[in-house]
Amino acid sequence: MEDNQPAPDGIKGAAALNKGIKLLTAIADAEVPPSARDLSDQTMLPRPTVYRLLAALTEAGLVRQSSGGHTYQLGATLVTIAHRALDQM
């Protein structure tokens with residue numbers, strides 16, 4: 001299914017969102033910052049999809065690239081969102 005196609009439940013964009021969440025979870029669970037290739041292997045998502053989603057997640061501040069540019073970590077925006085969620089509990 002292409003990302004611009006409606007998800008089976010009829011929610012357009014849900015499939016792309018689920019893939020992004022899958023990447024965020026994989027980054028969070030990694031013992032060392034993973035590369036795009038690691039993330040592709042772990043999530044079984046095609047590498048072009050991983051790169052496209054990582055670019056969007058990075059632009060949103062949810063993910064950041066390492067100083068070398070080859071690995072990924074959770075970003076500051078995600079930490080801010082997590083703090084706000086904790087404050088609401």
Checklist entry - What's the spacing between K22 NZ and Q42 CD if we round to 0.5 Å? => result 10.0 Å
Item to check | I27 side chain near L54 side chain, heavy-atom distance below 4.5 Å | outcome: yes
Checklist entry - Does a side-chain heavy-atom distance below 4.5 Å link D38 with Y72? => result no
Item to check | Stepwise side chain to side chain contact (heavy atoms under 4.5 Å, CB included) test for L39 and L45 | outcome: CA-CA 8 Å; L39 292 167; L45 293 171; over 6 Å; no
Next on the checklist: Using only atom types and a distance under 3.5 Å, with no angle test, would you say the side chain of T71 pairs donor to acceptor with the backbone of S35?
Outcome noted: no
Checklist entry - Quick one: hydrophobic cluster around M89, which other residues, with the 4.5 Å side-chain cut-off, linked directly or via members? => result L86
Checklist entry - So, do L74 and V79 sit near enough that their side-chain heavy atoms are less than 4.5 Å apart? => result no
Checklist entry - Which heavy-atom pair separates G20 from L57 by the least distance, and what is that distance? => result O-CD1, 4.1 Å
Item to check | Nearest-0.5 Å distance that lies between atom CD in E31 and atom CG in D29 | outcome: 10.0 Å
Item to check | Which atom of P46 lies closest to which atom of S40, heavy atoms considered | outcome: C-OG, 3.9 Å
Item to check | Counterpart residues, side chain to side chain donor-acceptor pair (under 3.5 Å), relative to T25 (two or more places apart) | outcome: none
Item to check | Pair V50-L23, side chain to side chain contact (heavy atoms under 4.5 Å, CB included): steps then yes or no | outcome: CA-CA 8 Å; V50 169; L23 286 178; 4.2 Å; yes
Item to check | N18 side chain vs A15 backbone, donor-acceptor pair below 3.5 Å | outcome: no
